[in-house]
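We count ligands from 1, going down the list as the structure has it; atoms in each ligand are counted the same way.
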Amino acid sequence: MPVLAMLSGYNWFPGHMARGMKDALRKVQKCHLVIEVHDARIPLTGRNEKLKFSKHKKILVLNKYDLTDPKGMKLYNENDDSVPVILTNCRGRNQISGNITALQKAIIKLTKDDDIKNGVKVMIVGMPNVGKSSLINALRRLSPGIGSPKAAPISSRPGYTKTVSTFIKISTDPLIKLLDTPGIMIPNIKDEEMALKLAAVGTLDHRFVGEVNIAAYILKMLNEQKLYQYVKKYNLEGPCHDTDELLHNVGQRIGALLKGGFVDEGRSATHFIKNFREGQFGRIMLDRISEVEN
Ligand SMILES: Nc1nc2c(ncn2[C@@H]2O[C@H](COP(=O)(O)OP(=O)(O)OP(=O)(O)O)[C@@H](O)[C@H]2O)c(=O)[nH]1
């Protein structure tokens, strides 16, 4: 079924997101600063106009840097100097990357001295599954005396955080508190490629566009960027341009078989998508570098 037709059959902007957006718009009034977290594999796609908060100082965090193409990120960074951009990697429980420290410094730099004295309040916004909760926990790890770093719950399932929480302390000196918000999708998905990109990185639930469609899109992008690690991973003879053929091979390898020995394409596609999201086929940017340059 065509991707956009599938999308129209589901409610991919559920009630908790609409409520979360309203709540965020209200609670941002109490905050000094907004951090927008987005997936570094799609720095341009899916940025929510409604969450721009033009009256607030802002920092853009492009997370999952470990999964994106550093060359594309360099171009993006050079291009946009209106808002400070920090690249982070929050993978792994004990990860404290230099850039998490840089983010804490940027928060302090953008805040007025008086606010620093009385405590800085920061709102975190972004789409589902981009790593907002992981980022809060990584920031808490910078202040070991502060308590459990697992203050914000993490899941690979998009939309795990459902309500705007209370403020979470990430530092005592200076006092900085963060407000986690539910992942909020953009209200309009304008075309098929956008839907596939969002689903490939896991911000849009795979059910909305279908696993096989997502696998086909990922395969196309890997081939376009000559990232052929999947060939070795699945022991193929060479780059593959046919999704059915790829999924057949994946299915045979992982034993995703139906009665009669037929390959279960859904399970094979899910496996392929999972490997892609884990970075097993190399670092990739799905927004084309030419789009980023313009
Ligand atoms: N590879 C990689 N994975 C990450 C990174 N940050 C977070 N993740 C993973 O991404 C998934 C989503 O992380 P969360 O922190 O729950 O994301 P969220 O934005 O709070 O999610 P919602 O609750 O849907 O709004 C989890 O499986 C994390 O382990 C990162 O920098 N690199």
Side-chain angles (χ1 to χ4, degrees), residues 12-21 23-24 27 34-43 45-48 51 59-70 73 85-103 122-142 148-168 170 178-186 198-208 218 229 270 273-286:
W12 47 268
F13 195 81
H16 80 264
M17 286 194 194
R19 279 193 301 280
M21 186 140 93
D23 229 15
K27 290 197 175 156
V34 175
I35 297 179
E36 180 189 350
V37 187
H38 203 67
D39 191 307
R41 289 166 293 179
I42 50 167
T45 300
R47 307 274 302 283
N48 193 334
L51 297 178
I59 298 173
L60 172 62
V61 169
L62 292 173
N63 188 41
K64 307 201 181 182
Y65 177 60
D66 54 307
L67 298 177
T68 197
D69 178 355
M73 276 297 94
V85 181
I86 300 203
L87 311 174
T88 55
N89 166 16
C90 298
R91 181 184 230 167
R93 280 166 197 271
N94 299 317
Q95 185 82 22
I96 300 182
S97 81
N99 285 6
I100 301 288
T101 312
L103 174 60
V122 183
M123 177 176 269
I124 304 262
V125 294
M127 297 189 105
N129 219 27
V130 291
K132 297 178 294 301
S133 302
S134 303
L135 185 75
I136 293 178
N137 294 340
L139 279 161
R140 271 172 74 87
R141 277 187 218 112
L142 290 181
S148 166
K150 291 187 229 155
I154 293 170
S155 163
S156 59
R157 204 157 23 94
Y160 192 67
T161 309
K162 290 228 163 26
T163 52
V164 176
S165 65
T166 50
F167 282 98
I168 299 171
I170 58 149
L178 298 191
L179 190 59
D180 196 8
T181 62
I184 296 170
M185 278 302 294
I186 33 168
L198 297 175
V201 300
T203 59
L204 181 66
D205 195 303
H206 63 87
R207 286 169 302 159
F208 300 143
I218 293 172
Q229 290 178 44
T270 303
I273 296 166
K274 182 170 171 286
N275 285 173
F276 167 79
R277 289 185 186 153
E278 288 165 353
Q280 293 201 30
F281 307 141
R283 298 175 73 174
I284 185 168
M285 179 135 107
L286 298 176

Please check if the side chain of K132 supplies one atom and the backbone of M127 the other of a donor-acceptor pair under 3.5 Å.
yes
S134 to ligand 1: N or O pair under 3.5 Å?
yes
With respect to atom 8 (N) of ligand 1, which of K64, K132, M185, R91 exhibits the smallest heavy-atom separation?
K64
For atom 21 (O) of ligand 1, which candidate among N137, T203, N129 holds the nearest heavy atom?
N129
Taking atom CG of N129 and atom CZ of R277, what is their separation to the nearest 0.5 Å?
7.5 Å
Please identify which atoms of ligand 1 are closer than 4.0 Å to at least one heavy atom of G131.
7 (C), 13 (O), 14 (P), 15 (O), 17 (O), 18 (P), 19 (O)
Does the side chain of T88 come under 3.5 Å of the side chain of N63 through a donor N or O and an acceptor N or O?
yes
Any N or O of P128 closer than 3.5 Å to N or O of ligand 1
no
Can you sort out which atoms of ligand 1 are near G183, meaning under 4.0 Å from one of its heavy atoms?
25 (O)
Determine whether a donor-acceptor pair (N or O, by modelled atom type, separation under 3.5 Å) exists between the side chain of R140 and the backbone of I136.
no
What do the steps show when you test V85 against M73 for side-chain contact (heavy atoms from CB on, under 4.5 Å), and what is the final call?
CA-CA 10 Å; V85 181; M73 276 297 94; over 6 Å; no
Run the numbers for me: atoms of ligand 1, each under 4.0 Å from some heavy atom of D66, listed by number.
1 (N), 2 (C), 30 (C), 31 (O), 32 (N)
Report yes or no: does D69 contribute a side-chain atom to a donor-acceptor pair with the main-chain N or O of M285 at less than 3.5 Å?
no
Which ligand 1 atoms does N89 reach within 4.0 Å, using its non-hydrogen atoms?
30 (C), 31 (O), 32 (N)
Going by atom types alone, do S133 and D180 pair a side-chain donor with an acceptor below 3.5 Å?
yes
Of the side chain and backbone of L67, name the one, both, or neither that has a heavy atom under 4.0 Å from an atom of ligand 1.
side chain
